[in-house]
Amino acid sequence: MKVAVMGYGTVGSGVVEVIETHSGIIPKKIGGEALEVARILDLRDFPNDPHKDLFTKDFNDILNDPEIKIVAETMGGVNPAFDFTMKLLKSGKSVVTSNKELVAQKGPELLQAAEESGTNYLIEASVGGGIPIIRPLTQCLAANHIEGIAGILNGTTNFILTMMIEKGMSFEDALKIAQEKGYAEKDPTADVEGHDACRKVCILASLAFGKHVYPSQVATEGISNITLEDVSYINSANGVIKLLGQIKYINDDQIAAFVSPAVVYNGSQLASVKDVFNAVLVRGDAVGDVCFYGPGAGKLPTASAVVADIIDCAKHTGRKKIFGWGAGEEDYVVDYKSAIKMPFYVRTKATCNQVNAAFSDVKFLSRKGQPSDEVAFITDIMTENELTERLSSLEVINIIKVTNY
Ligand code: HSE
């Protein structure tokens, strides 16, 4: 069966490599037929690549080839990936993707196009890289009412936080190493400011609760305000700081979804997720907590998920898999600041007496070198709006949510 790959970057070249490396085992999984990469779309030149005869710069070479039945979109970005994917689905080809930005922005339209043309649009690689999470969430956990999801969904930020926690490195130095190692982009904004994790939250929330969630509906805060002082205070409370994507069921018509740094206590399965690894913890009413862990990015791990989707499409040639979710709604995602109660870590320029006057029940923290006019503490559970009110007379240095996962 002929397939095409659009985008020959890290993931796309990994897809070609995995298909070729496993040319012996893949046919056994799809009824004997081999997968053949027939075309690779990329605007760049790869003169020394062994696949040079397969390259094209013209999308129509893939669209108009009736023998190509499945296309892997590993280009990234919304345009032109959206236009290409739409045309392919409408023409009767199935598409698999690692492109979380596209799924988060345009998922409903593309799933609808696949529905109408009887093709498949599969997205396993769009969240958690090589970690199986899309199928487990939609199939293996289908019998559960999902109460919430919490995920370490970005490898770059998890690497930076791990360096800060374990090596006492500053945010800036850790980011520099992440860039040198090729984890972070030259412009690391999407990773560091939480936008990449936000896109993955949109996809998980859409799958878990059945209505599309757009990035603009997810309050998103990155890790650039986290300092070694915060790391140290939270260490004294037996916890670590992680960039978490959190999704919570409110009622059948509303959910909460947000991305932010969060204190995770050391007993949590999420606390031990280090370096560039990702993990997604799903809380179901029947199953309890289940945690999916593994490499959340990288060439071969992400290609592993893309090629699995290709194999699934090949197994379902001419058949539509039941997969997807409905359109989004404006008031579907609530303002978590008034809807969700949790404890908070607060660092202030204040005295303990001033803090005690504002809060009835706090746990004070300490760190080496703590200035006499600085106080850090963990509050009782409350909404963020209530916290803001109580802190109105104090000079706040930093606030971090505390999670119960
Ligand atoms: N830049 C992303 C990360 C890649 O660091 O996790 C995978 O989405």
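The chain is numbered in sequence order, starting from 1. These numbers come from the heavy atoms of this one structure, side chains and all, not from hydrogens, waters or symmetry mates. Remember, it's 1-based here, ligands and their atoms both numbered in the order they're listed.
Contacts classified as side-chain hydrogen bond (donor to acceptor under 3.5 Å, both in side chains) and involving residues 390-399 (residues at least two apart or in different chains) are given here: D230-N398, E386-R390. Within the structure, side-chain hydrogen bond (donor to acceptor under 3.5 Å, both in side chains) contacts touching residues 301-319 (residues at least two apart or in different chains) are R135-D309, R135-D312, D312-H316, D312-K321.
For the pair N278 and G128, the tightest heavy-atom approach, listed with the atom from each and the gap, is OD1-CA, 4.0 Å.
In this structure, K320 places its NZ atom where more than 12 heavy-atom neighbours from other residues, nucleotides or ligands lie under 6.0 Å away.
Taking any N or O of N278, backbone or side chain, none lies under 3.5 Å from an N or O belonging to ligand 1. Where the criterion is an N or O separation shorter than 3.5 Å, residue side chain and backbone included, A297 fails it with respect to ligand 1.
Atoms of ligand 1 found under 4.0 Å from any heavy atom of G155, numbered from 1 in the order shown, are 3 (C), 5 (O), 6 (O). Close contacts between ligand 1 and K200 involve ligand atoms 6 (O), 7 (C), 8 (O) [criterion: under 4.0 Å to a heavy atom]. Residue-ligand proximity, K100 to ligand 1, at heavy-atom distances under 4.0 Å covers atoms 7 (C), 8 (O).
The heavy atom nearest to atom 1 (N) of ligand 1, out of those in T157, D196, D191, is found in D191.
Checking side-chain atoms of N154 against main-chain N and O of T156 turns up a donor-acceptor pair under 3.5 Å.
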